[in-house]
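Both counts, for ligands and for their atoms, begin at 1 and track the order of listing.
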Amino acid sequence: MTAASSGTVLVLNSGSSSLKYQVVAPSSGEVLASGIVERIGEGSGHVKHVAHGAVVKREQPVADHAEALRLVLALFDEAGPSLADAGVRAVGHRVVHGGALFSAPVVVDDAVVEEIRSLIPLAPLHNPANVTGIEVARELLDVPHVAVFDTAFFASLPPAAATYAIDAKVAAEHGVRRYGFHGTSHQYVSAAVAAHPAVSSRTVGRPGPLRQVVLHLGNGASASAVLDGVAVETSMGLTPLEGLVMGTRSGDLDPAIVFHLVRNAGLSVDEVDTLLNKGSGLKGLAGVNDMRELQGLIASGDSQAALALEVYLHRLRKYVGAYAAVLGGVDVLTFTAGVGENDARVRAGVVAGLGFLGLSVDPALNDERSSEARVVSPDGSAALVMVVPTNEELAIARQTLELARR
Ligand SMILES: Nc1ncnc2c1ncn2[C@@H]1O[C@H](COP(=O)(O)OP(=O)(O)O)[C@@H](O)[C@H]1O
Ligand SMILES: CC(=O)OP(=O)(O)O
Ligand SMILES: [Mg+2]
């Protein structure tokens, strides 16, 4: 059976200034087409469409997400495959914030769109683009649309992990709690770990529930603690700003830094918001948000870049230690996403000093390049260190087709 005949899904991931898309077959994981529209709303847009092994590129201004999606659909018509030929049965939308309203994927109707819109105050950087993407796609594509939420996997966090220690009435009235993000990735990766032969044979760790820590290290980065498939802690909070040091986001800081900058540095609340979300993290410390560029600067002797990596790694070690305490020990520590899958130095740097938890890497295994899920800790270790490629698009496509078929 071909991918098209068994049904495929168009997955849309609308970011604040980008639109990523993929046509994927949930059964086999085959990708029939993929692409990205970048710099939406800026003077010069950039479009890349990959299908049938060919790459089509366009440089042109793209005003908003509606125009981006029209452009993408036109590219499918011109460069192929047509969505009909590709067997597209449904559209899966990545929605970053599901708030307290959504703890599982849903088929989109008008009421769902309004509910996602009502969550914009909780996710001003992400949900507006998600809403536009859904509205335009529903207008142009007459198939079932499904919303898959970054927050869903963390809806079950224990109250002790989800609750901020602030006035309980204020928190309840304004929806202030830990929601967590990148849940589609944490769920996909932790399930892949549990199913991996090295883990399912359970010669690792102690008998009993499987204690996992997953580090999703991309441009945005987050950690999770997963006990027998259930998320029990995660580093992102009300928004995707809390937790680890990221490409452009600060992660954890003393909340009083915000008041200090407003009162004494003359910044507005919006300026501090932009500073912490877009001008902090690796970029704020060393001028670049891309880990490859950071490693290049370090190799050329840049001391600020070296400090930025130290801060990044120190934060990661603190989180792994904290999550070991939450879980009562760690059986598997897993690295995923752009940095986690590709940067052996970061992996080695995180586990350096975590030997007391039984965590270490075998230098030869860790340095190997591979796109397979694999173990990189030495044979016979008390706990495993793994690298597992994430695939949020495939996970979204599977959940989408399952709901669309009901
Ligand atoms: N070979 C590599 N070595 C080190 N870092 C890499 C490598 N390839 C990609 N990265 C890093 O991965 C990050 C992007 O990860 P990705 O998961 O694609 O992010 P996002 O989906 O959040 O945009 C960038 O910091 C990039 O430098
Ligand atoms: C929620 C989030 O941080 O997503 P991304 O890593 O795609 O920015
Ligand atoms: Mg990502």
Determine whether the aromatic ring centres of residues Phe335 and His216 are separated by less than 6.0 angstrom. no
Are more than 12 heavy atoms, taken from residues, nucleotides or ligands other than Asp142, located less than 6.0 Å from that residue's CG atom? no
If you count the atoms of ligand 2 from 1 in the order shown, which ones are under 4.0 Å from a heavy atom of Gly220? 6 (O)
Taking 4.0 angstrom as the limit and counting only heavy atoms of Pro240, give me the atoms of ligand 2 inside it, by number and element. 1 (C), 3 (O)
Plane angle bin for Tyr21 and His49 - parallel if under 30°, tilted between 30 and 60°, otherwise perpendicular: parallel
Under 4.0 Å from a heavy atom of Gly218: which atoms of ligand 1 are those, numbered in the order shown and with their elements? 15 (O), 16 (P), 17 (O), 19 (O)
Once you measure the plane-to-plane angle for His182 and His186, does it fall in the parallel (<30°), tilted (30-60°) or perpendicular (>60°) bin? tilted
Residue portion contacting ligand 1 (non-hydrogen atoms closer than 4.0 Å) for Arg369: side chain
For Tyr188, run the side-chain contact (heavy atoms from CB on, under 4.5 Å) check against Asn391, Thr336, Val193 and tell me which one passes. Asn391
Are the side chains of Val330 and Gln212 in touch, meaning some heavy atoms are under 4.5 Å apart? no
Does Asp150 reach ligand 2 with a nitrogen or oxygen that is under 3.5 Å from one of the ligand's nitrogen or oxygen atoms? no
Assess whether side chain to side chain contact (heavy atoms under 4.5 Å, CB included) is satisfied between Arg178 and Glu242, documenting all intermediate values. CA-CA 10 Å; Arg178 178 180 309 287; Glu242 192 181 349; 3.3 Å; yes
Does Gly338, backbone or side chain, put an N or O under 3.5 Å from an N or O of ligand 1? yes
Compute the ring centroids of His126 and His97, then answer whether they are less than 6.0 Å apart. no
Excluding sequence neighbours, so at least two apart, what forms side-chain hydrogen bond (donor to acceptor under 3.5 Å, both in side chains) with Arg70? none
Among Arg94, His182, Lys20, Glu392, closest by any non-hydrogen atom to atom 7 (O) of ligand 2: Arg94
Quick check: does Asn219 get an N/O under 3.5 Å from an N/O on ligand 1? yes
Atoms of ligand 1 close to Lys20 [distance to a heavy atom under 4.0 angstrom, numbered from 1]: 21 (O), 23 (O)
Measuring from the heavy atoms of Met246, does anything fall under 4.0 Å of ligand 2? no
Ligand 1 atoms nearer than 4.0 angstrom to some heavy atom of Asp290 are 25 (O), 26 (C), 27 (O)
Heavy-atom side-chain proximity of Val31 to Val23 below 4.5 angstrom: no
Can you tell me if His216 contacts ligand 2 (heavy atom of the residue under 4.0 Å from the ligand)? no
Can you check whether Phe181 reaches Ser222 side chain to side chain, under 4.5 Å on heavy atoms? no
Inter- and intrachain pairs under side chain to side chain donor-acceptor pair (under 3.5 Å), touching residues 366-380, at least two apart: Arg347-Asn366
Arg249 and ligand 2 - part of the residue with a heavy-atom distance under 4.0 Å: side chain
State whether the shortest distance between N or O atoms of Asn219 and N or O atoms of ligand 2 falls below 3.5 angstrom. no
Against heavy atoms of Phe181, which atoms of ligand 2 measure under 4.0 Å? 1 (C)
Honestly, is Arg177 close enough over Tyr179, meaning NZ or CZ under 6.0 Å from the six-membered ring centre and within 45° of the axis? yes
Candidates Thr390, Val339, Asp343, Thr336; heavy atom nearest atom 13 (C) of ligand 1 found on Val339
Does Met291 reach ligand 1 with a nitrogen or oxygen that is under 3.5 Å from one of the ligand's nitrogen or oxygen atoms? yes
Close-contact set for ligand 1 against Gly220 heavy atoms, below 4.0 Å: 22 (O)
Number the atoms of ligand 2 from 1 as they appear, then name those within less than 4.0 Å of a heavy atom of Met236, with their elements. 3 (O)
Heavy atoms only: which of His182, Arg292, Met246 is nearest to atom 26 (C) of ligand 1? Arg292
So is there a nitrogen or oxygen of Ala337 less than 3.5 Å from a nitrogen or oxygen in ligand 1? no
